[in-house]
Amino acid sequence: MNERDPSESPVVNDPDAVHLIVLTGMSGGGKTVALRALEDLEFYCVDNLPSTLLPQLVDATMRSSIKRRRIAVGVDVRNRSEDFRHMPLVLSELAGKGVQVHLVFIDCNDAVLIKRYSETRRRHPLAQRGVSLADAIVEERRLLRPLMAIAEKVIDSSDLNVHQLRRLIATGYAQTTEGLTLMFQSFAFKRGLPLDSDFVFDARCLPNPHWDPKLRPLSGKDGPIRDFLGTRPVVGEYLADTARWLDAWLPRFEQDDRSYVTISVGCTGGRHRSVYLVEQLAAHFRASREGVLTFHRELE
C-alpha cells in the first residue's frame, strides 16, 4: 500500500518539462472523470493505451508541429495483464529521459463499486460468463496491485462525488499549466451553495427561460437558450460587468501565488442562466489563458 497521504497534492513544479500522468485504478472508481478533468487542463488525453506504446506516444506528441508537454493516459484491465508487469520498467525508462512521470491510482471500496455497477447497469470488463461482479473486482485488485504499490498518488473515491473527484484531480495538477487555473461552475441556489467557491455570482435577477414551456427542458448550452439570453441587453450587461471585474482582480490572485480559483454562478434551477453565463465566461478567459475548466453541477 502506498503510504502517501491521499489528500496530498503531488509536486508538479516545472511547467516546461514534459508531464505524463498515467491514470489507473479500479473500474468504476472514476478514472473517466479524472481523465476529463485533465483534458480541461489542456492535457493531451488517451484512454486505454497499452503501456508498451507510452514511449512512442510521448515521442510523437513532442515531434508534432504543436508540441504537447502535458499528456494523460488511462490504463486499466481492458489491456492485457502483462501490460501491468511491463509498466514499472516503461515508466522508469521515461523518467530516465527527463519525462516527469506521475502514476495516479484511483481506488474505491468493493461495496461502493458494486453499488455503482448496479445503478449504471454496466458490465465489469472482467465479468465474463460464469464470473460474478464480486469475483471480477477481486481479480482486478490482484492484477492492479503492482501499480498501486508504486503509485505516486492513491485516491480513494468511495466517499467522493463526481464534483469532488474532478476538483481533487484538477487542483492537484493545475501547476502544470501556466498561470492561474480557473474553474467556472454553475449551480442551483435551491440546492445550496457550492462549498468550494472562491467567488459566487447570483444570476437570479436575469430573465428566466424556465417560464417558456418550449425552453424549459433545455439547458444553457443549447442554441435556443443562448438565443434567448444572448439577445437580452441586461444579460449582456451582467456578463460584461462580471468579466470586467474578474479581469481586474484575478491577476491579484496570481501575484499571491494562488494556482486555482473557483468561480460559481448560480440561478434558481441551475440549468439555464447560470449554465449560459459559465460557458460565456469560460470562453472569454480561454481566449487569453490556459487551464480554464467548466462544471455544471445540476447537469451532471
Side-chain angles (χ1 to χ4, degrees), residues 33 36-37 39-42 161-171 174 177 179-212 215-300:
V33 172
R36 287 175 179 168
E39 190 172 28
D40 285 341
L41 285 172
E42 305 296 332
N161 60 34
V162 172
H163 326 300
Q164 293 166 330
L165 177 58
R166 182 168 176 162
R167 180 177 173 86
L168 184 62
I169 291 292
T171 53
T177 64
L180 191 67
T181 296
L182 306 179
M183 166 69 87
F184 289 94
Q185 64 177 336
S186 64
F187 72 96
F189 272 99
K190 67 182 182 181
R191 296 187 178 179
L193 288 171
L195 298 180
D196 56 357
S197 304
D198 294 298
F199 299 105
V200 175
F201 293 92
D202 187 344
R204 287 176 292 183
C205 62
L206 301 179
N208 192 352
H210 173 82
W211 301 115
D212 185 333
L215 298 179
R216 188 174 302 164
L218 305 177
S219 81
K221 290 184 175 183
D222 294 317
I225 300 295
R226 295 199 305 270
D227 293 341
F228 176 93
L229 294 171
T231 57
R232 299 304 198 273
V234 67
V235 177
E237 291 175 19
Y238 186 103
L239 183 60
D241 287 345
T242 304
R244 186 161 46 245
W245 191 90
L246 291 171
D247 280 332
W249 287 99
L250 287 176
R252 304 293 182 94
F253 285 84
E254 289 179 300
Q255 293 170 9
D256 197 37
D257 293 329
R258 286 282 295 272
S259 62
Y260 195 96
V261 168
T262 298
I263 300 103
S264 299
V265 182
C267 61
T268 305
R271 289 190 55 84
H272 301 124
R273 295 165 290 182
S274 60
V275 172
Y276 171 81
L277 290 169
V278 159
E279 291 293 324
Q280 294 300 311
L281 288 168
H284 169 78
F285 284 97
R286 282 180 180 137
S288 59
R289 63 168 66 226
E290 294 182 328
V292 177
L293 296 80
T294 60
F295 188 75
H296 303 293
R297 191 179 74 177
E298 319 309 344
L299 300 186
E300 295 292 332

Inset, instruction - Output all residues satisfying salt bridge (Lys or Arg N to Asp or Glu O under 4.0 Å) with Arg166, sequence neighbours left out; order by chain, then residue number. - result: Asp40
Legend entry - Set of ring-ring contact (aromatic ring centres under 6.0 Å, His included) partners for Tyr276, sequence neighbours left out: none
Legend entry - Ser186 and Arg273 side chains, donor-acceptor separation under 3.5 Å: no
Legend entry - Those residues that, when tested against Asp196, pass salt bridge (Lys or Arg N to Asp or Glu O under 4.0 Å) (two or more places apart): Arg167
Inset, instruction - Run the numbers on Asp247 and Arg244 for salt bridge (Lys or Arg N to Asp or Glu O under 4.0 Å), then give the verdict. - result: CA-CA 5 Å; Asp247 280 332; Arg244 186 161 46 245; over 6 Å; no
Inset, instruction - Could you tell me the separation between the CZ atom of Arg204 and the OG1 atom of Thr268, rounded to the nearest 0.5 Å? - result: 6.0 Å
Inset, instruction - Could you check if a side-chain atom of Leu193 sits within less than 4.5 angstrom of a side-chain atom of Ser264, using non-hydrogen atoms only? - result: no
Legend entry - side-chain hydrogen bond (donor to acceptor under 3.5 Å, both in side chains) contacts touching residues 224-233 (sequence neighbours left out): none
Legend entry - Point-to-point distance, once rounded to the nearest 0.5 Å, from CG of Asn161 to CZ of Arg297: 9.5 Å
Legend entry - Test log, rule side chain to side chain contact (heavy atoms under 4.5 Å, CB included), inputs Phe228 and Val235: CA-CA 10 Å; Phe228 176 93; Val235 177; over 6 Å; no
Legend entry - Partner residues of Val162 under the side-chain contact (heavy atoms from CB on, under 4.5 Å) criterion, sequence neighbours left out: Val33, Phe295
Inset, instruction - Look up atom CD1 in Ile263 and atom OG1 in Thr242, then write down how far apart they are to the nearest 0.5 Å. - result: 11.0 Å
Inset, instruction - Could I get the full list of salt bridge (Lys or Arg N to Asp or Glu O under 4.0 Å) partners for Arg252, not counting sequence neighbours? - result: none
Inset, instruction - Please list, chain by chain and in numerical order, all residues satisfying ring-ring contact (aromatic ring centres under 6.0 Å, His included) with Phe199, sequence neighbours excluded. - result: Trp245, Phe253
Inset, instruction - Could you tell me the separation between the NE2 atom of His272 and the CG atom of Leu229, rounded to the nearest 0.5 Å? - result: 9.0 Å
Inset, instruction - Could you check if a side-chain atom of Val261 sits within less than 4.5 angstrom of a side-chain atom of Trp249, using non-hydrogen atoms only? - result: no
Legend entry - Side chain proximity check, Gln185 to Val278, heavy atoms < 4.5 angstrom: no
Taking distance alone, no hydrogens or angles, what donor-acceptor pairs closer than 3.5 Å link side-chain atoms of residues 217-224 to residues at least two apart or in another chain?
from, atom 1, to, atom 2, distance (Å)
Ser219, OG, Lys221, N, 3.2
Asp222, OD2, Ser219, N, 2.9

Inset, instruction - List for me each residue that meets salt bridge (Lys or Arg N to Asp or Glu O under 4.0 Å) alongside Glu279, sequence neighbours excluded, and say none if there are none. - result: none
Legend entry - Flag side-chain contact, heavy atom, 4.5 Å: Ser274 against Phe189: no
Inset, instruction - To the nearest 0.5 Å, tell me how far Leu182 CG sits from Thr294 OG1. - result: 11.5 Å
Legend entry - Counterpart residues, side-chain contact (heavy atoms from CB on, under 4.5 Å), relative to Ala188 (two or more places apart): Lys190, Arg191, Glu298
Legend entry - Atom pair CD1 (Ile225) and CG (Leu215), whose distance is rounded to the nearest 0.5 Å: 4.5 Å
Inset, instruction - Go through the structure and list residues passing ring-ring contact (aromatic ring centres under 6.0 Å, His included) with Phe285, not counting sequence neighbours. - result: Phe184
Inset, instruction - Test side chain to side chain contact (heavy atoms under 4.5 Å, CB included) on Leu206 and Tyr238 and set out the steps. - result: CA-CA 8 Å; Leu206 301 179; Tyr238 186 103; 4.0 Å; yes
Inset, instruction - With sequence neighbours excluded, tell me which residues meet side chain to side chain donor-acceptor pair (under 3.5 Å) with Arg286. - result: none
